[in-house]
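Beneath this line is the structure, given in structure tokens, with notes to follow.
Order of the sequence lines sets the chain letters (A, B, ...), proteins ahead of strands, with each chain counted from 1.
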Number of protein chains: 2
Amino acid sequence: MAHSIDEVLKVHGLKITSTRKRVLGLYYQSDHALAHSDIEGQLDGEFDRVTLYRTLAAFEEKGIIHKVLDESGSVKYSLCNSSCQEDRHQDHHLHFQCEKCGNTFCLEGVHIPAPELPGGYQLSDWYMLAKGICQSCAVA
Amino acid sequence: MAHSIDEVLKVHGLKITSTRKRVLGLYYQSDHALAHSDIEGQLDGEFDRVTLYRTLAAFEEKGIIHKVLDESGSVKYSLCNSSCQEDRHQDHHLHFQCEKCGNTFCLEGVHIPAPELPGGYQLSDWYMLAKGICQSCAVA
DNA sequence: TCTTTAAATGCAACAGCGTTTCAGTAAAAA
DNA sequence: TTTTTACTGAAACGCTGTTGCATTTAAAGA
Ligand SMILES: [Mn+2]
Ligand SMILES: [Mn+2]
Ligand SMILES: [Zn+2]
Ligand SMILES: [Zn+2]
């Protein structure tokens, strides 16, 4: 890891607080996207739930994490790669939701090119989700 | 239209009720995906909100409508094409969410092929969302 | 190091989405 | 027409996410 957690926060112009250090630590440890409820579960009662929502919003705004859409019904986030900026996220990779464990993974190795649009539509961003069985669940 | 609304309900093994006729009518009229809140708004007070949720769930289960994921945070649905079955939806087309009007459109003409997955992942379904400005909003 | 200030936090309250249970009603089958 | 089955309406509930406001804490300045 090139930067420590404290440095990541500092670089993105965020005050270094215990909430932010704990939450960001969870994202660095996880191999799949985490929702607010996951964070709340792992940090049982350590912080107020509103603070956690605001922490996630701040991280997203600064380009530290990005939203991961899936069919779970709640918003998940994953760490952004280094090319993500505060104003512009660059994460055109595949997202994979496992139907067994429910986890959703960023498959950064699978690049998703821009789709061709019919005339009259103007493209600004795109997103791809695959579903199936993940590596861990496949062997189990 | 090959079938009337009543016939569509009958063919899919659903009782023909006034709720279902009104709701399905809205989907046939709309050029974009409709959420529960849209339905509720257009049928102001005509039916109980729980009934509308159950109506949508029944339509989806029978392959009449399919879920349309976007960033709106609530579940939207659109009419399935004729190749959709009760057990298996076949709608690998592009979905487009307009950042101006918020509407999400099924672009049935834009086919989305299966993504290539890294070893160990098993694919069962996939989904693609594009964002930008829709035709109507682009000219306005 | 102490003080100031700007930002982050905790708490309470609230709104929206979606589900469950159960009693009453309506559609379809007999 | 009667019986059966499924659908509906109403109330209650849980979960997700937001807002306002008072308090606390981090960081900057003296
Ligand atoms: Mn990702
Ligand atoms: Mn569609
Ligand atoms: Zn899995
Ligand atoms: Zn539009």
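A rotation axis mapping the C1' atoms of four pairs onto the next four is fitted at both ends of the helix from C:dT1-D:dA30 to C:dA30-D:dT1 over five pairs, and the angle between these axes is 30° to 10 degrees.
In terms of modelled atom types and a separation under 3.5 Å, the side chain of B:Q42 and the main chain of B:V23 share no donor-acceptor contact. Checked by atom type and distance alone, the side chain of A:R20 pairs as donor or acceptor with a backbone atom of A:K15 at under 3.5 Å.
With sequence neighbours left out, the salt bridge (Lys or Arg N to Asp or Glu O under 4.0 Å) criterion links A:E71 to A:K131. Annotation: side chain to side chain donor-acceptor pair (under 3.5 Å) contacts of A:E99 (sequence neighbours excluded): B:S124. For the salt bridge (Lys or Arg N to Asp or Glu O under 4.0 Å) test, no residue two or more places apart in sequence or in another chain qualifies with A:E116. With sequence neighbours left out, A:E40 forms a side chain to side chain donor-acceptor pair (under 3.5 Å) with no residue at all.
In summary, contact between chain A and DNA chain D, defined as any nucleotide atom under 4.0 Å from a heavy atom of the protein, begins and ends at D:dT16 to D:dA27 in the 5' to 3' direction.
The hydrophobic cluster containing A:V139, built from Ile/Leu/Val/Met/Phe/Trp/Tyr side-chain heavy atoms closer than 4.5 Å, comprises no other residue. Chaining together hydrophobic side chains whose heavy atoms lie under 4.5 Å apart places A:L117 alongside A:L94, A:F96, A:F105, A:L107, A:V110, A:I112, A:Y121, A:L123, A:W126, A:M128, B:L94, B:F96, B:F105, B:L107, B:V110, B:I112, B:L117, B:Y121, B:L123, B:W126, B:M128.
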Atom pairs and distances, side-chain donor-acceptor, residues 43-53 of chain A, under 3.5 Å, sequence neighbours left out:
residue, atom, partner, partner atom, Å
A:E46, OE1, A:R22, NH2, 3.0
A:E46, OE2, A:R22, NE, 2.9
A:D48, OD2, A:V50, N, 2.8

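For the contact set between residues 69-79 of chain A and DNA chain D, defined by any heavy atom under 4.0 Å, the members are A:S74, A:V75.
Rounded to an integer number of Å, the gap from CD of B:E60 to C1' of C:dG18 is 14 Å.
Note on residues 25-37 of chain B: no pairs pass salt bridge (charged side-chain N to carboxylate O under 4.0 Å, His left out), not counting sequence neighbours.
When only modelled atom types and interatomic distance are considered, A:S4 and A:D6 share no side-chain donor-acceptor pair under 3.5 Å.
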Can you build the contact string for nucleotides 5-12 of chain C? Use B for base contact, S for sugar-phosphate-only contact, and - for no protein heavy atom under 4.0 Å.
-BSSBBBB

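Taking the six-membered ring for Trp and the full ring otherwise, the centers of A:H92 and A:Y127 sit at least 6.0 Å from each other.
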